[in-house]
Amino acid sequence: MSLGMGMGFGGVPSAHTDVLSASPEDVPSKLRLVEEIKSRGRACVGCKNYPDAASLYTKGIEVLSSITDDESAKKEAAILYSNRSLVLLQMGKVSEALESADSACENDPTYVKAHW
C-alpha cells in the first residue's frame, strides 16, 4: 500500500503533501515526522476524512519500517496499523482493514486494540 509523492489514498492529491513526500534520513527526524503524521491522522479521523487518514497512517508505517531492530518503532507501527484498520473499515474496505489489524498484532502481540 505505497503512496506516490504527495498523493493521498487511491492516488488522489492530498493537503498533506509536505509530510507524505518527506524523506527524513535520521531516526530522530523520522520519529518527529511520525508524531506529526499521527496528529494529522487523528484530525482527519475527527473530520471523517478517512482517505487522508489512511494515507497518513500508511506513510507513518513506511517511515517506521525503515527503523530496524527497534522494539519501540514496532509498537508505534502497531498503533498506526490499528488506526489504519479503523479508517479502512470506515471506508468499507473490510479485507484491507483486517490485513492492517493482523499487521498490528504481528508488530505488537500485546497491543489489545489491534482489532477494533
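Heavy atoms only: backbone and side chains are in, while hydrogens, waters and symmetry mates are out.
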Can you name the residues that form a side chain to side chain contact (heavy atoms under 4.5 Å, CB included) with Lys38, not counting sequence neighbours? Val34, Glu35, Arg42, Glu76, Leu80
Does the Ser66 side chain pair with the main chain of Val63, one donor and one acceptor, at a distance under 3.5 Å? yes
Least distance between heavy atoms, Leu33 atom then Lys59 atom: CD2-CE, 4.3 Å
Could you tell me whether the side chain of Ser65 and the main chain of Glu62 form a donor-acceptor pair under 3.5 Å? yes
Could you tell me which non-hydrogen atom of Val45 sits nearest to which non-hydrogen atom of Ala53, and how far apart they are? CG2-CB, 3.9 Å
If I take atom CD from residue Glu99 and atom OG from residue Ser103, how far apart are they, to the nearest 0.5 angstrom? 7.5 Å
Look at the side-chain heavy atoms of Ile, Leu, Val, Met, Phe, Trp and Tyr, link any pair under 4.5 Å apart, and say whether Ile61 and Val27 land in one connected group. yes
State the NZ-CD1 distance between Lys30 and Ile67, to the nearest 0.5 angstrom. 6.0 Å
Nearest heavy-atom contact between Ala78 and Asp108 is CB-CB, 3.6 Å
Could you walk me through whether Leu98 and Leu89 pass the side chain to side chain contact (heavy atoms under 4.5 Å, CB included) test, one step at a time? CA-CA 8 Å; Leu98 180 58; Leu89 190 59; over 6 Å; no
Output for pair (Asn83 CG, Leu88 CG), nearest 0.5 Å, gives 11.0 Å
Any chance you could measure Arg84, atom CZ, to Glu96, atom CD, to the nearest 0.5 Å? 8.0 Å
Roughly how far, to the nearest 0.5 Å, is CD1 of Ile37 from OH of Tyr57? 10.5 Å
Salt bridge between Arg40 and Glu36, side-chain N to carboxylate O under 4.0 Å? yes
Examine the side chains of Ser55 and Asp52 and answer whether a donor and an acceptor come within less than 3.5 Å of each other. no
Looking at CG of Leu20 and OG1 of Thr17, how far apart are the two atoms once the value is rounded to the nearest 0.5 Å? 6.5 Å
For the residue pair Lys113 and Ser82, what are the closest heavy atoms and their distance? O-OG, 2.8 Å
Counting C-beta onward and ignoring hydrogens, is there a side-chain heavy-atom pair between Val87 and Lys93 closer than 4.5 Å? no
